[in-house]
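Only one structure is covered here, and it is reproduced in the block below.
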Amino acid sequence: MKGPTDRRKVTFALFIATFLAAIEGTIVSTAMPKITGELHGLEQYSWVISVYLLATVIGTPIYGKLADLYGRKSVFMTGALIFLAGSMLSGLSQTMEQLILFRVVQGLGAGALITVPYTIIADIYPFEQRGKVLGWTASIWGIAGIAGPPVGGLLVDYVSWRAIFYMNLPFGMVALTLFHLSFRESFERRKRHIDYPGIVTFAGGMFCFLYALTLLGGETGTPVSRTGTLLWLAGAAVLLTAFFIAERRSPEPIVPLGLFRIRTISTANADSFLICVINVAAIFYVPLWIQGVYGESATYSGLAMIPLSVGWPLGSIVAGNLMAKIGMRRLSITGALFLIAGSAGFATMTASTPVWMLMIFTFLAGMSFGLSLTSFTVAIQSAVGWEVRGSATAMNNFIRNLGQTVGIAVFGMMLHTGSANTLEPAKLEASLHGIFLVILALSFVALLLSLNLPKQEERAEPAAS
């Protein structure tokens, strides 16, 4: 079929695909007790969740480069088919080992679904409309975060835990069909160099590094655990050194190192990393404060976190609507100021702070994430041309995920809840207060980076017709 790209249909298809990849990171959490009960693998509980995230993070920059080399359409559809295959196989799993393996497959496909859509949107929308659409795309993550646990619970209770994987198939096929029929891409077909050494060393090195961080986050302090962590870190150092050597020699590196010499990209990536480190503290440790310090239930803490899930997509939408009017730099500075206000609130909380005030702080944090991260996405995409836009966007997504992973590990080492078997509210309060002071300091650094973000003009024309 010939004709121009139907932007509305393509955007709708991308929204569906992004939602499916996003919700798979959270929907499985409520199903895990049922899954471990049926497949008998309680000791492998956390791996079902973590391997999906690890595979997604590792695949992100690889898909971004492949989209630059082979076009957005073929790479997106390949990733979507891998994701759907992994979903189907996960639903068919008969053992925990099979489920973990198939979740890796699912995560490898999801890497394309959370990266390539941002690049396609940048291709098919002019600068004046791009921020608005990217804002709506970013808001999908907040919606998926809210919807994941309750939808998973309903499916587990009334259908089966396998349904949380099977549900991706009809929606995914609708998205794929709609995208295939509606997206047109002008792309020069020629022989391409694939950076196999870069892909292998990057995937291996990042796996070793991320796995070492998970060990640090749950470090027991024993000589065996410390030695294991050091060995994984050493392996990461060797492989990542080989990766950088390979990238300098490759004619088509999966991570064009020259991108980091562009001030807009290096500043936005550094700011994104810090904000996502802070993001982890809000998502994981504010609920812990509510349950451990206030003594409230898990359900209560979930309800108290709703303002964050509302503020994030709202901030993304506001950023999208205002970006063309006031600019990305001002929006990112505004987001940093919101973040400082929310972080200051967290850092000054006590056991007597009313919950409604905490909810205001979480809303401010959510608004800041939406305003800042949406601004950084558009800033990075506007700083490069079509030929490296996929790589630049994917690297920003990767750095965000890396920030969250590092945040989990670092703050996990700072957290002290009491004795091995007893949670002591006073000790937990002091520990969390220290964490919140750190994120307040990081918020000021994020503001300084936002102030360093240069003003810029749109420079790249869309490649799709």
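Reckoned from all heavy atoms, side chains included, excluding hydrogens, waters and symmetry mates.
- With sequence neighbours excluded, no residue forms a side-chain hydrogen bond (donor to acceptor under 3.5 Å, both in side chains) with Thr56.
- For Ser368, the side-chain contact (heavy atoms from CB on, under 4.5 Å) partners two or more places apart in sequence, or in a different chain, are Phe338, Leu339.
- Evaluation of the side chain to side chain donor-acceptor pair (under 3.5 Å) test over residues 434-444, restricted to residues two or more places apart or in two chains, returns Ser343-Ser443.
- For the pair Asp123 and Arg389, the salt-bridge criterion is met [side-chain N within less than 4.0 Å of a carboxylate O].
- Annotation: side-chain contact (heavy atoms from CB on, under 4.5 Å) contacts of Val105 (sequence neighbours excluded): Ile82.
- Evaluation of the side-chain hydrogen bond (donor to acceptor under 3.5 Å, both in side chains) rule for Tyr52 yields no partner, not counting sequence neighbours.
- Take Val57 and apply the side-chain contact (heavy atoms from CB on, under 4.5 Å) test, not counting sequence neighbours, and it matches Leu210, Phe398, Asn401.
- Here salt bridge (Lys or Arg N to Asp or Glu O under 4.0 Å) pairs that include residues 84-96, with residues two or more places apart or in two chains, number zero.
- By the salt bridge (Lys or Arg N to Asp or Glu O under 4.0 Å) test, Arg162 pairs with Glu38, sequence neighbours left out.
- For Ser450 and Asp271, the side-chain atoms include at least one donor-acceptor pair closer than 3.5 Å.
- With sequence neighbours excluded, the residues forming a side-chain hydrogen bond (donor to acceptor under 3.5 Å, both in side chains) with Asn396 are Asn269, Ser272, Arg400, listed by chain and number.
- Take Thr374 and apply the side-chain contact (heavy atoms from CB on, under 4.5 Å) test, not counting sequence neighbours, and it matches Ala138, Ser316, Ala319, Met323.
- Sorted by first and then second residue, the salt bridge (Lys or Arg N to Asp or Glu O under 4.0 Å) pairs involving residues 169-178 (not counting sequence neighbours) form an empty list.
- With sequence neighbours excluded, the residues that form a side-chain hydrogen bond (donor to acceptor under 3.5 Å, both in side chains) with Asn452 are Arg263, Thr267.
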